[in-house]
Protein chains: 2
Amino acid sequence: MSGGPLPTIHEVARLAGVSVATVSKTLNRSGKVSALLQERVNAAAQKLGYAPHASARSLRSGATRILGLLVADLANPYFLKLVESIERLSSAAGYSVILCNSAEDPEREERHLAMLLSQRADGAIVIPTRRGWSGRQAALANLPMPGILVDRRIEGLDLDSVTTDNVALGRLAAEHLDDLGHRRIAVIMGSPEHQIARHRLDGFRSGLAARGVTLDERLIEKDNFSEAAGHAAALRLLAHAERPTAVFATNNHLALGLLRAITERNVSIPDELSIIAVDELPWAGLVRPGMTVVTQPSEAIAETTVSTLLSRITEGRSGPGEDEAKSIQLQPALVVRGSTAPMRK
Amino acid sequence: MSGGPLPTIHEVARLAGVSVATVSKTLNRSGKVSALLQERVNAAAQKLGYAPHASARSLRSGATRILGLLVADLANPYFLKLVESIERLSSAAGYSVILCNSAEDPEREERHLAMLLSQRADGAIVIPTRRGWSGRQAALANLPMPGILVDRRIEGLDLDSVTTDNVALGRLAAEHLDDLGHRRIAVIMGSPEHQIARHRLDGFRSGLAARGVTLDERLIEKDNFSEAAGHAAALRLLAHAERPTAVFATNNHLALGLLRAITERNVSIPDELSIIAVDELPWAGLVRPGMTVVTQPSEAIAETTVSTLLSRITEGRSGPGEDEAKSIQLQPALVVRGSTAPMRK
DNA sequence: GACGGTAAAGAAAACGATTTACAGGAGGAG
DNA sequence: CTCCTCCTGTAAATCGTTTTCTTTACCGTC
């Protein structure tokens, strides 16, 4: 917060006694410059505290080295983890990240996309909002820069995507509970309109079916993804005539609601009830026996996302054969802790 | 991810049958353009899907409409809340936000600052790392754009800052516990080298002193800010010969550790022990009687930060009288829930 | 009818970098 | 000695805007 105008490449050139072209070549390690002049140029740049003007550079070169990161919901701790990893990886690769939060609002999402277009970001990483994509796929499909979808896919949109294999995730949870001998199993699934919830439930159901266990449809609680919904669903389940011996909560908000109901009703975990949830959470340590969870590979997802996007950017969609959108699915993992236990005979 | 090169202002001008200057004036609502031509220009821009090239615009106009947001630790939920609010407010004011996470690493912080300088961000919002500022204040002081510090201040640095009044925060907690009649009170303070922790403790101590209560120095637990440190400190306090009747945890990681210890030792809250912490937390609902907390006014802090920075940007540090850095402190609030109760006689 | 004033539109000069195309000099071959 | 070829370094064009400065046209007034 001081100092006059910043030095330009001309002043560096003058101080070093060379032309601006030589300065540019030296700083970008492109073209041939003798060692002597390189020395002089670097010294001059250092002395003046020269920082190249990114706008001027991008205007001429056509690349901004900026990535747009458009997140559906920053408050979601899982997305936050993705944001953190993506920022770190992009930054390490020399890209800056413009962060946008759409807060599940399609209108904000659209405004942010327009802004990223104006900024001529070199690429866009998008966790799309849940709804409002019916007529708007064009907005993403027509993006003039490479784009990639994370965590959520959009049906009928020809764009790279990286997601968790949510069917496998459901199956993993199912197999664990079956291994422990549970038969009366409940699921708090969230909104049935949401693709991810459906996949997790499908995987869970088919996982049980493969072991010869049928999921009781009356023990599937459907509503939305809020903590309140999870709480209400859990209370209904606990009031059942034949109380389930295990519960699978398909999302962390739901799990939080479930835990609250359990605390209020003084249900003992895992003696009276086994519970399994999705994703590690900061407060997991609070839950006494430790939460058994199925985790999404967030770091791997971030890595795959960034590297896939960057190669699209550098390759410039050249080969006409390799041009199809990739749908990458990564595998979840089971982490067993104390909140699940063998069913008592 | 398609379409050829983006249309430029020249193509809009040609389609509308006017000069580029007229297009520019129309789109920026500056200068005089007849209604007829405005109509034609807007129609042409619309039809071509024209989006002005931000780099070209900034190069000429000198303003990027970009703010840098450099955060010491994205994983901290309190900072996350600030990030969320700052992004929303900036976006509403027409600014894009480049997000940088230094992860408490001074080196990353420095690299990010250099990047923001190169990008010619119009302003920088910085939550500085805890350490490593001894010799580096210059890096911030010499920033050529307006900058503002949030949450943490740096001694001897002439820069605007917005923080919580942490002395008041400590006092608020003290008065509440005194109102309830507690006398044997413990504090888990975190690192004594950290200014914020010291302020909170000072406020707490003087708040008690003003009521004629002396804080027992042996009940002040000092270490670092980790969950593990909070846990260890809590175990020591619970093992005390004369166990305290109330505990103040000055930070959310510490509170988490405290809660874990309490759960493990089966201490009943608030019957055996009253606890008070800092900041609302997503998992607060899990704690049975509800957490009594002193909250920092995060939304107000974000608002003040953004508006102060934006006015510095637009006013361009003109008036030589009003030029001094402002240190703004905002007031915390007490939220009483079930985790604190009157001391039993 | 000449003149001045005003408003609207356009021509052209920046902004600060990259990049292309060219110039100059050294060195070697014929 | 001349010609050709590298090899460095430079001049100048260019990217897409904004902005300044002219130009043009129109109108009312004397």
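What's counted below: heavy atoms across the whole structure, side chains too, no hydrogens, waters or symmetry copies.
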More than 12 heavy atoms of other residues, nucleotides or ligands under 6.0 Å from CD of Glu39(B): is that the case?
-> no
Please set out all donor-acceptor pairs under 3.5 angstrom arising from side-chain atoms of residues 71-84 of chain A, sequence neighbours excluded.
residue  : atom : partner   : partner atom : Å
Asp73(A) : OD1  : Ala75(A)  : N            : 3.0
Asn76(A) : OD1  : Tyr78(A)  : N            : 2.8
Tyr78(A) : OH   : Gln296(A) : OE1          : 3.4

To the nearest angstrom, how far is Arg14(A) atom CZ from dG9(D) atom C1'?
-> 19 Å
note: Leu36(B), atom CG; dA9(C), atom C1'; distance rounded to Å ~ 12 Å
In the 5'-to-3' direction, what one-character label does each nucleotide of nucleotides 10-15 of chain C receive under the scheme B = base within less than 4.0 Å of a protein heavy atom, S = sugar-phosphate only, - = no such atom?
-> BB-BBB
Can you tell me how far P of dG16(D) sits from CD of Gln119(A), to the nearest Å?
-> 16 Å
Check the pair Ile98(B) / Leu67(B) against side chain to side chain contact (heavy atoms under 4.5 Å, CB included), numbers first and verdict last.
-> CA-CA 6 Å; Ile98(B) 293 188; Leu67(B) 300 183; over 6 Å; no
Using a cut-off of 4.0 Å on non-hydrogen atoms, how would the nucleic acid contact of Ser34(A) be classed: base, sugar-phosphate, or nothing?
-> sugar-phosphate
What's the NE2-C1' distance between His10(A) and dT18(C), to the nearest Å?
-> 11 Å
Nucleotide nearest Tyr50(A) when distance is taken to its side chain, options dA8(C), dA17(C), dT17(D) | dA17(C)
Can you tell if the side chain of Ser307(B) reaches within under 4.5 Å of the side chain of Leu310(B), non-hydrogen atoms only?
-> no
How long is the span from the OG atom in Ser90(B) to the CD1 atom in Ile66(B), to the nearest 0.5 Å?
-> 12.0 Å
Integer-rounded Å distance: dT10(D) C1' and Ile9(A) CD1 | 13 Å
Can you tell me how far P of dG16(C) sits from CZ of Arg57(B), to the nearest Å?
-> 18 Å
Check the distance between dT17(D)'s C1' and Arg65(B)'s CZ and give it to me in whole angstrom.
-> 15 Å
Backbone N or O of Thr129(A) within a donor-acceptor pair of the Glu109(A) side chain at under 3.5 Å?
-> yes
Rounded to the Å, how far apart are Leu6(B) CG and dG16(D) C1'?
-> 12 Å
